[in-house]
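Following: one structure in structure tokens, then a few remarks.
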Amino acid sequence: MNRLLILGTALIAPLAALFATPALAQSPTKLLNASYDVSRELFVAENEAFIKSHPGVTIDQSHAGTSKQARSIAEGLEADVVTFNQSTDIDFLAKQGFVAKDWTKAFPNNASPFYSFPSFLVRAGNPKNIKDWGDLARADVHAVFPNPKTSGNARYTYLAAYAWAKEAYKGDEEKIDAYITKIFDNVPVFDTGGRASTTTFVERETGDVLITFEAETRGIVKQYGADKVQSVIPSVSLLAEFPVAVVDKVAKKHGTEALAKSYLDFLYTEEGQRIAAQFGHRVQNEKVAGEFKDQFPAIRLVKVDDVFGGWDKIQKDHFASGGTLDKLYGSR
């Protein structure tokens, strides 16, 4: 009898472990995507589409200026993936050991599934006749864009204006600096992020022109109506890529590496690209780009590498402590 009891006990333990194993080995089903400030609606749609093919998965979102997001991750925000609007903020995470140093090679197009550029949004009828970057320095024009110290969106605005000025003033640094200073002087309020600046311009009716990504201007016109606001495409602007990366340090901790990669891969699929285009982004997929060609006016886009010598040089010359931005922006 005792022998039977011992044998039965010996069999129960392995069987219990066998049946418990699937629950213990269950794949993680939750991700946190830390993204830029004006991407809320885009990723609501992207997430819903991704979840349809991944039942039971939950995608949580966090939105703020990308520099703030990067610092938050370094300080403990456990985001599995980032979908930013500036590569320097992912480079910061790479230097902190949160993202692979070769993160730009993990996904196509330097890990940028879609792109946009700084563009203008004005009051209906364009009462101030604002057409190009030079108009932003006029005394009667008050531009609205966020703080370039906290917002990747605003840094693109600063760089796009600087790129235009380099052409317009043929590299004359004194004239370029004077032009940028006039623009800063004309900004009534510097919000911390792009969406707050949209609220300032559209709902508080402050300022004459909002400078933000073309994708955001298209969304605002659709939401508020062409009888209130209209978009204006400048003669030239700066290519703004939207880089993505798996936050390896966090994903490894959560066991979400595979799910995180699948999620970012989805942004490159025809479905993911079509959603991005519907929300005003210019996409890399040629087939989808062709479907939306008539909706996107032609514009000459210059590149960071060509105008400024790359992001590393920009960081050193413009955004580092004591750099050009510090000198021109001052203590605003």
Side-chain angles (χ1 to χ4, degrees), residues 35-39 65-67 69-70 82-95 99 101-120 132-133 136 145-171 173 176-177 179-180 183-184 194 211-216 233-245 276 281-284 296 298-329:
S35 194
Y36 54 99
D37 195 44
V38 297
S39 67
T66 57
S67 292
Q69 292 285 59
V82 291
T83 53
F84 281 176
N85 59 23
Q86 192 165 298
S87 62
T88 53
D89 293 317
I90 302 184
D91 286 335
F92 167 78
L93 291 175
K95 291 175 183 177
V99 171
K101 290 183 179 180
D102 61 347
W103 64 268
T104 58
K105 298 178 181 178
F107 299 95
N109 303 309
N110 290 321
S112 177
F114 40 79
Y115 65 98
S116 193
F117 54 86
S119 190
F120 302 163
D132 213 343
W133 294 99
L136 304 185
F145 56 89
N147 185 340
K149 295 287 186 70
T150 60
S151 168
N153 185 327
R155 282 196 291 276
Y156 270 115
T157 292
Y158 161 79
L159 292 172
Y162 204 99
W164 175 88
K166 286 185 74 170
E167 289 187 5
Y169 301 118
K170 303 184 186 307
E173 294 296 334
I176 295 170
D177 289 353
Y179 162 75
I180 297 294
I183 294 178
F184 284 150
I211 302 97
T212 187
F213 295 124
E214 179 200 33
E216 174 80 343
I233 304 295
S235 63
V236 62
S237 195
L238 189 74
L239 172 67
E241 295 179 303
F242 294 81
V244 301
H281 294 79
R282 303 197 180 206
V283 298
Q284 307 286 4
F296 292 99
I299 182 173
R300 180 167 65 91
L301 295 178
V302 295
K303 297 181 179 180
V304 161
D305 287 352
D306 297 335
V307 178
F308 298 100
W311 282 109
D312 288 342
K313 194 172 189 311
I314 284 176
Q315 187 64 31
K316 179 182 177 181
D317 295 347
H318 289 267
F319 299 146
S321 179
T324 304
L325 178 61
D326 263 0
K327 294 174 183 176
L328 303 182
Y329 186 80

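Values below: all heavy atoms of this structure, side chains included; hydrogens, waters and symmetry mates excluded. Nothing here was measured: the structure is a model prediction, and the numbers come from that model.
To the nearest 0.5 angstrom, Asp177 atom CG is 8.5 Å from Lys327 atom NZ. The distance from the CD atom of Glu216 to the NE2 atom of His281 is 9.0 Å, given to the nearest 0.5 Å. Separating the OG atom in Ser119 from the OH atom in Tyr156 is a distance of 15.0 Å, to the nearest 0.5 Å. Taking CZ from Arg282 and CZ from Phe114, the interatomic distance works out to 14.5 Å, rounded to the nearest 0.5 Å. Between the CD atom of Gln86 and the CZ atom of Phe319 there is a distance of 5.5 Å, given to the nearest 0.5 Å.
For the pair Thr104/Ser87, no side-chain contact is recorded, criterion being any heavy-atom separation below 4.5 Å from C-beta on. Taking 4.5 Å as the limit, some side-chain heavy atom of Gln284 sits within range of a side-chain heavy atom of Tyr115. The shortest distance between side-chain heavy atoms of Phe145 and Pro118 does not fall below 4.5 Å. Within the 4.5 Å cutoff, side-chain heavy atoms of Phe120 are placed close to those of Pro234. Residues Val82 and Gln69 fail the side-chain proximity criterion, which asks for heavy atoms closer than 4.5 Å. Ser67 places none of its side-chain heavy atoms less than 4.5 Å from the side chain of Phe92. Contact annotation: the side chain of Tyr158 never approaches that of Ile183 to less than 4.5 Å [non-hydrogen atoms, C-beta and beyond].
Residue Ile299 comes nearest to Ser235 through the heavy atom pair CG1-O, 4.2 Å, listed as atom of the first residue, atom of the second, then distance. Listed here is the closest heavy atom pair of Asp37 and Gly65: CB-N, 4.2 Å. When all heavy atoms are compared, the tightest approach of Asn85 to Asn153 is ND2-N, 3.8 Å. Here the shortest heavy-atom pairing between Pro113 and Ala111 reads CD-O, 3.7 Å.
The backbone N or O of Glu214 lies less than 3.5 Å from a partner atom in the side chain of Ser116, making a donor-acceptor pair. Put simply, the side chain of Asp89 never gets that close to the backbone of Ala70: no donor and acceptor are under 3.5 Å apart.
In this pair, Phe242 and Tyr36 present their aromatic rings tilted. The plane angle is within the 30 to 60° band. Between Tyr162 and Phe308, the ring planes lie tilted relative to each other; the angle falls in the 30° to 60° range.
Applying the ring pair (Phe, Tyr, Trp, His ring centres under 6.0 Å) test between Tyr179 and each of Trp133, Phe184, Trp164 identifies Trp164 as the sole match. Screening Val304, Val307, Asp305 against Ile314 for a side chain to side chain contact (heavy atoms under 4.5 Å, CB included) leaves a single residue, Val304.
Side-chain contact annotation: Arg155 with Thr88, donor-acceptor N/O pair under 3.5 Å absent. Inspection of the Thr324 and Asp317 side chains reveals no N or O donor paired with an N or O acceptor under 3.5 Å.
For Lys149, the side-chain contact (heavy atoms from CB on, under 4.5 Å) partners at least two apart in sequence or on another chain are Asn147, Leu325, Asp326, Tyr329. The salt bridge (Lys or Arg N to Asp or Glu O under 4.0 Å) check on Glu167 picks up Arg300, with sequence neighbours excluded.
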